[in-house]
Amino acid sequence: MRWAADTVATMREGARLRLDYSTQSLWRVDRMIEELRREQPPYAAVESVLRGFGAYAGEVIVRRAGGAEWLEADGGHWLRTADGRLWDPVDEARRCFAGHGSLRLLCRDATAV
């Protein structure tokens, strides 16, 4: 997904954060979202960044969970894993910003066999 690639480039250039599509990199993403949350910006100011982080987490899941694919429905983007479960990593990024989620844990759950 293009949002994920844009996020990788932006974080590398702007924040000096290297994202390599590994599950370990999601620890860094969760920490970045936590730092944003502590700064208490208005949601509208970070909405596109959170969408990018969610898309990045989704791409990590696609690369780690064989057979996972992106779906677009009802104006949103979802992942369907090979077992038929649906995941919403963009919404999970929003939940992280609100203090109630984790992209790392979402990836762990989505890729669990």
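Sequential numbering from 1 along the given sequence is applied to the chain's residues.
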What residue pairs, at least two apart or across chains, pass salt bridge (charged side-chain N to carboxylate O under 4.0 Å, His left out) with a residue in residues 64-76?
E69-R80
Can you see which heavy atom on [X] is nearest to which on [Y], and at what distance?
{"X": "P89", "Y": "A57", "result": "CB-CB, 4.4 Å"}
{"X": "G66", "Y": "A82", "result": "O-CB, 3.4 Å"}
{"X": "A65", "Y": "A110", "result": "CB-O, 4.3 Å"}

Would V90 and L50 count as a side chain to side chain contact (heavy atoms under 4.5 Å, CB included) here? Give the steps.
CA-CA 7 Å; V90 174; L50 295 174; over 6 Å; no
Check whether Y56 reaches the backbone of Y21 with its side chain - one donor and one acceptor, N or O, closer than 3.5 Å.
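Side chain of Y56 to backbone of Y21: a pair is present.
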Consider only side-chain heavy atoms of I, L, V, M, F, W and Y, link residues closer than 4.5 Å, and tell whether W78 and F53 are in one cluster.
no
Distance check, rounded to the nearest 0.5 Å: [X] atom [atom1] versus [Y] atom [atom2]?
{"X": "H77", "Y": "D88", "atom1": "NE2", "atom2": "CG", "answer": "10.5 Å"}
{"X": "L103", "Y": "R28", "atom1": "CG", "atom2": "CZ", "answer": "13.5 Å"}
{"X": "I61", "Y": "R63", "atom1": "CD1", "atom2": "CZ", "answer": "12.5 Å"}
{"X": "L86", "Y": "L71", "atom1": "CG", "atom2": "CG", "answer": "6.5 Å"}

Give a yes-or-no answer on whether the side chains of W87 and E92 include a donor-acceptor pair shorter than 3.5 Å.
no
Before accepting this row, confirm whether a basic side-chain N of the pair E34/R31 lies closer than 4.0 Å to the acidic partner's carboxylate O.
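No, E34 and R31 are not salt-bridged.
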Measure the acute angle between the ring planes of F97 and Y43, then classify it against the limits of 30° and 60° as parallel, tilted or perpendicular.
tilted
Partner of L26 under side-chain contact (heavy atoms from CB on, under 4.5 Å), chosen from V60, L106, L19, L105:
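With L26 as partner, side-chain contact (heavy atoms from CB on, under 4.5 Å) holds for just one option, V60.
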Pairs satisfying side-chain hydrogen bond (donor to acceptor under 3.5 Å, both in side chains), at least one member in residues 96-108, at least two apart:
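Sorted result for residues 96-108: D30-S102.
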